[in-house]
Amino acid sequence: MTAVTSTLPEPALRATGEALQDTLVDLLGLSLIGKQAHWNIVGPRFRSIHLQLDEVVDTARSYADTVAERAAALGITPDGRPETVASRFALQSPKDGWLRDTEVVHLLVEALESAIGRLRTRIETTEHSDRVTQDLLISLTAELEKQRWMFQAEDWPREG
């Protein structure tokens, strides 16, 4: 049974749905990475990075909701279940235990860079399948690039 129907033709709906679902998984995972680092960071830059991590988490959670609602509006059931996120998540996770502030900065730069690269591929995919979704992904990419810049600036000059 389909409760919500789509305005997109089937091939476009399939491509758009995959882009939205993969983005949802990345965002939910990114929010978990951010919170894990937020709770376990130690070091002289604890406070500033601790607060900056909340910005990443807020961005990821807000966009996750927007992405999931876009999928639902197109008749695609978004899947944010823990087992789905765990099985499909592809970004680097933090190690267990306390995390030095420098480790957190490197982790976030790499995780955001990976998420941005994956988003850029989805932006290309949705150019032909659904420009409304493409616009959403472009906005999200800009926001994640801003967050990456802020973490990368924390690491200048790069230590080690």
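Taking 4.5 Å as the limit, every side-chain heavy atom of L140 sits out of range of all side-chain heavy atoms of T66. A 4.5 Å side-chain heavy-atom check between E55 and K146 finds every atom pair outside the cut-off. Counting only heavy atoms from C-beta outward, the side chains of E10 and L13 approach each other to under 4.5 Å.
Not a single donor-acceptor pair under 3.5 Å links the side chain of Q92 to the backbone N or O of A111. Checked by atom type and distance alone, the side chain of Q152 never pairs as donor or acceptor with a backbone atom of V109 at under 3.5 Å. Not a single donor-acceptor pair under 3.5 Å links the side chain of T84 to the backbone N or O of G80. Looking only at distances, no side-chain donor or acceptor of R45 sits under 3.5 Å from a matching main-chain atom of V105. A donor-acceptor pair under 3.5 Å links the side-chain atoms of T16 to the main chain of A12, judged by distance alone.
Nearest approach of A73 to V4, heavy atoms of both residues: O-CG1, 4.0 Å. Across T125 and A15, no two heavy atoms sit closer than the pair CG2-CB, 4.1 Å. Minimum heavy-atom separation, V85 to G29: CG1-N, 4.2 Å. For the pair L99 and A37, the tightest heavy-atom approach, listed with the atom from each and the gap, is CD1-CA, 3.8 Å. In this structure, A64 and L24 approach most closely via the heavy-atom pair O-CD1, 3.5 Å. Taking all atoms of both residues into account, the shortest heavy-atom contact from Q36 to P94 is CG-CG, 3.7 Å.
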Given the rule in the side chain to side chain contact (heavy atoms under 4.5 Å, CB included) test, do R61 and K35 qualify, once you have shown the distances and angles that lead to the verdict?
CA-CA 11 Å; R61 288 180 177 171; K35 272 305 180 185; 3.7 Å; yes

Assess the residue pair L51 and H38 against the criterion (side chain to side chain contact (heavy atoms under 4.5 Å, CB included)); give the C-alpha distance rounded to whole Å, side-chain angles, the decisive distance to 0.1 Å, and a yes or no.
CA-CA 8 Å; L51 296 173; H38 175 87; 6.0 Å; no

Evaluation steps, side chain to side chain contact (heavy atoms under 4.5 Å, CB included), between Y63 and L136
CA-CA 9 Å; Y63 269 96; L136 170 60; 4.0 Å; yes

Dump the intermediate steps for side chain to side chain contact (heavy atoms under 4.5 Å, CB included) on F151 and L53, then the final yes or no.
CA-CA 9 Å; F151 276 101; L53 287 163; 3.8 Å; yes

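A continuous path of ILVMFWY side-chain contacts below 4.5 Å connects L107 to F46, so both sit in one hydrophobic cluster. Linking Ile, Leu, Val, Met, Phe, Trp and Tyr residues whenever their side-chain heavy atoms come within less than 4.5 Å places I116 and L137 in a single cluster. Placement of I123 and L30 within a single hydrophobic cluster is found when ILVMFWY residues are connected by side-chain heavy-atom separations under 4.5 Å, directly or transitively. Under the 4.5 Å side-chain heavy-atom criterion for Ile, Leu, Val, Met, Phe, Trp and Tyr, V56 and L32 are members of distinct hydrophobic clusters. The cluster map of Ile, Leu, Val, Met, Phe, Trp and Tyr, joined by side-chain heavy atoms under 4.5 Å apart, puts V57 and L28 in different clusters.
Note that the OG1 atom of T126 and the CD1 atom of I138 stand 7.0 Å from one another [nearest 0.5 Å]. To the nearest 0.5 Å, the span separating CD on Q147 from CD on Q52 amounts to 6.5 Å. Here R122 contributes atom CZ and S129 contributes atom OG; the two are 12.5 Å apart, rounded to the nearest 0.5 Å. With rounding to the nearest 0.5 angstrom, the CD atom of E103 is 11.0 Å from the CD1 atom of I49. Here CZ of R118 is found 6.0 Å from CG of L91. Values are rounded to the nearest 0.5 Å. Distance check: R14 CZ to I76 CD1 gives 11.0 Å after rounding to the nearest 0.5 Å.
Crowding of E18 atom CD: a count of heavy atoms from other residues, nucleotides or ligands under 6.0 Å not exceeding 12.
A donor atom on one side chain and an acceptor atom on the other are found under 3.5 Å apart for R70 and T133.
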